[in-house]
Amino acid sequence: MSDFTIATWNVNSLKVRLPQVLDYMANNPVDVLCLQETKLDDEAFPRQAFSDAGLHVCFTGQKTYNGVAIISRTEQTNVQKNIPHFEDAQQRLISATIQGIRIICAYMVNGQDLDSDKFVYKMNWLTALHEYLGSELKQHNQLALLGDFNIAPDDRDVHDPAKWLGGNLVSPQERGFFQGFLDLGLSDAFRLFEQTEKSYSWWDYRQGGFRRNAGLRIDHILLSKALAERCTSCVIDKIPRQHEQPSDHTPVLATIHV
DNA sequence: ATGGCCTGTGCGACAGGA
């Protein structure tokens, strides 16, 4: 038996954060790292830097916006880009099987505002993801969905619930989709364990958000039953958020006894 | 204070993020 650690990190530009990502893989026992907001098209992706470090990688991206990647220490098979049967110009999802575990890396839609066209797109995107997850769970007993969900599932996950009440990222509609994922049989790995209060994964760059711990927990790891039963810890690693030139998100890690 | 910051684009502001 050994530990298998999977993680998710919205890097807010892989071009800027590449040294931090390589450093993170060199110095942490992370077997799989899912990245979001790479903001690079596939031609510009630094594949050589990862292969030089002995890492496997799959990715799908576009210039300026979005973009996702999965970094792993071992081979990846059955790589699938985007959500099948969902036409989408935005590159927000990639799946791969690694050591028998189906890994789905997602950068879910922000939505901007409840009366925005972008919120309509968010609802449609989440509907397509729910359908895809149902189909993937039928084929894969061991499945993990990791990423930037752009949903704070509970008021515990919001630094100032009164200020955010009902707004984008915390609306009943968005939380309904999160609950829908749980209803498929997935578990929020972070809530499998006792956690310190006011634990967040994102802090605004403005107004000293990190210093004041004015954050949100919007980056999540959801595990199928077979993985949740063998999950031994889930933590938010705040150290990268303390670095020079940090991403506004910090990594979330889950360890599974395999 | 529907601003404050950061990134990309591309060279001046603006879009987008959350």
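Quick note on labels: first sequence line is chain A, next is B, and so on, each numbered from 1. Reckoned from all heavy atoms, side chains included, excluding hydrogens, waters and symmetry mates.
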Separation between CD1 (A:Ile71) and CG (A:Leu14), nearest 0.5 Å, reads 7.0 Å

> Using the benzene-type ring in the case of Trp, are the ring centres of A:Phe4 and A:His257 under 6.0 Å apart?
Replying inline: no

Hey, does A:Asn150 reach any base, or is it just sugar-phosphate, or nothing, if we go heavy atoms under 4.0 Å? sugar-phosphate

(Q) Base, sugar-phosphate or nothing for A:Asp113? Non-hydrogen atoms, less than 4.0 Å. (A) nothing

The answer to which of A:Lys63 and A:Leu169 contacts DNA chain B further toward the 5' end, by nearest nucleotide, is A:Lys63

What's the gap between B:dT2 and B:dA13 when it is taken at their P atoms, as a whole Å value? 24 Å

Task: More than 12 heavy atoms of other groups within 6.0 Å of A:Arg47 CZ - done: no

* To do: Scan A:His159 against the nucleic acid and name what it touches under 4.0 Å (heavy atoms): base, sugar-phosphate only, or nothing.
  => nothing

inquiry  = Give me the distance, rounded to whole Å, that separates B:dA1 from B:dG12 when you measure between the C1' atoms they each carry.
reply    = 25 Å

Self-check item: Same-atom distance (P) from B:dG16 to B:dG10, integer angstrom
Solution: 14 Å

Query raised in the report: Considering residues, nucleotides and ligands other than A:Glu75, do more than 12 of their heavy atoms fall under 6.0 Å from its CD?
Result: no

Chain A vs DNA chain B, heavy-atom contacts under 4.0 Å, first-to-last nucleotide span, 5' to 3', is B:dG4 to B:dA18

Point to revise | Atom CG of A:Asp117: over 12 foreign heavy atoms under 6.0 Å | key: no

Between A:Gln90 and A:Arg17, the residue closer to the 5' end of DNA chain B by nearest nucleotide is A:Arg17

* Gap in Å between the two P atoms, one belonging to B:dC14 and one to B:dA18, rounded -> 22 Å

task: Mind running side-chain contact (heavy atoms from CB on, under 4.5 Å) on A:Arg102 and A:Asn78 for me, showing each step along the way?
output: CA-CA 9 Å; A:Arg102 190 62 173 159; A:Asn78 196 13; 3.7 Å; yes

- Please lay out, stage by stage, how A:Cys231 and A:Phe193 fare under the test side-chain contact (heavy atoms from CB on, under 4.5 Å). CA-CA 10 Å; A:Cys231 181; A:Phe193 306 96; 3.7 Å; yes

Look at all strands and tell whether A:Asn66 reaches a base, only sugar-phosphate, or nothing, counting heavy atoms closer than 4.0 Å. nothing

ask   = If you look at every strand shown and take non-hydrogen atoms under 4.0 Å, does A:Phe149 touch a base, only sugar-phosphate, or nothing?
value = nothing

